[in-house]
Amino acid sequence: MRIVTWNINSVRARLHQVARFNEEHSPDVICLQETKAQDSDFPLKDIKEMGFDHVEILGQKSYNGVAILSKHKLTDVGSHEWVGKSDCRHLFATLPNGTILHNFYVPAGGDEPNPDVNDKFAHKLDFLDEMAKWFPDLYSNDQPMILMGDLNIAPLENDVWNHKQLLKIVSHTPIEVEKLTAIIDNFGWIDAMRQIISSDEKLYTWWSYRARDWLTSNKGRRLDHMWVTPPLKDKVSDIKVVLDARGWEKPSDHAPVILDLSD
DNA sequence: ATGGTTGGTTACCAA
């Protein structure tokens, strides 16, 4: 089973890249974030022609939006309105083997890492606090479950190109890292990417559009994540960040992340 | 210290 998370930064602008990725990597499921299309504008027909017979979408005009593209039947589909907002940041569904998928787009949080003056940062912190309570309230971690998506936080020193220079940059501030770690610890999630690729190595999934040459400067951050519950721990056979896709023509600023699970 | 780019929507907002 091959499961992918990808912040695509507009599904309509990147439709040909979904097709290319599908041909080159044969995923079973792709969880998309930042689709930036209301449901009536979602290119459902094109996606289905790629072989994704089961598609769940939750979109809004211009901003945010998540989708699950699947070649297997999806059941028990739903979402939660985080911090009381209906801003299309979460979708969940269950695969035929019983594995529950959660697809998240956590708020980016703006530029100023001070919740007193920046409402977007306050919203991000509230969202994270709610996530830390929500999973233990509703689930047990002895069921197979995967949480993936753009969490907009790079928690470890080697998740950013320069730890010290980014301590006051939103996505790597101590308060965000502390809250993300609390979500993991409260429920017992396993960081599948770091189980496969050692925390001693730099690992990024996002590179700014503003860099003159993203690959040469390589000032990346690991903003996208794949977490699994303990029953799936030993079934994670591989993780890959598909760097190629960041270098395709008119790319998203995020690379897709592939999770391979053995049966 | 500052500005750099992109997508969606149409004079900026969010990332």
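Since the structure is predicted, the reported quantities are computational estimates derived from the model, not experimental observations. Proteins come first, then strands; the chains are lettered A, B, ... in the order of their sequence lines, and each starts at number 1.
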Is the A/His72-A/His54 ring centre distance short of 6.0 angstrom?
-> no
Side chains of A/Arg221 and A/Ser171, donor plus acceptor under 3.5 Å | yes
Is a side-chain donor-acceptor pair under 3.5 Å present for A/Lys71 with A/Asn22?
-> yes
Given that both pair distances must be under 3.5 Å and the pair must be Watson-Crick or G-U, what runs of three or more consecutive pairs involve DNA chain B?
-> B:5-8 with B:12-15
Pairwise 5' ranking along DNA chain B for A/Ala211 and A/Pro107, keeping only the more 5' one = A/Ala211
5' priority, DNA chain B, between A/Asp41 and A/Asp253 [closest heavy atom] = A/Asp41
Start and end of chain A contact along DNA chain B [non-hydrogen atoms, under 4.0 Å] | B/dG4 to B/dA15
Please give the distance between the [atom1] atoms of [N] and [M] as a whole number of Å.
| N | M | atom1 | value |
| --- | --- | --- | --- |
| B/dT5 | B/dA1 | P | 22 Å |
| B/dA15 | B/dG4 | C1' | 13 Å |
| B/dT6 | B/dT10 | C1' | 16 Å |
| B/dC13 | B/dT9 | C1' | 9 Å |
| B/dA11 | B/dG7 | C1' | 15 Å |

So do the side chains of [X] and [Y] get within less than 4.5 Å of each other, counting heavy atoms only?
| X | Y | result |
| --- | --- | --- |
| A/Val4 | A/Met148 | no |
| A/Lys235 | A/Val228 | no |
| A/Trp189 | A/Thr229 | yes |

What is the ring orientation for A/Phe104 with A/Phe135, classed by angle as parallel under 30°, tilted 30 to 60°, or perpendicular over 60°?
-> tilted
Parallel, tilted or perpendicular for A/His90 and A/Phe92, by the 30°/60° rule?
-> tilted
Quick one: label A/Arg12 by what it contacts on the DNA or RNA (base, sugar-phosphate, nothing), any heavy atom closer than 4.0 Å.
-> sugar-phosphate
Path from A/Ile258 to A/Leu223 over hydrophobic side-chain contacts below 4.5 Å | no
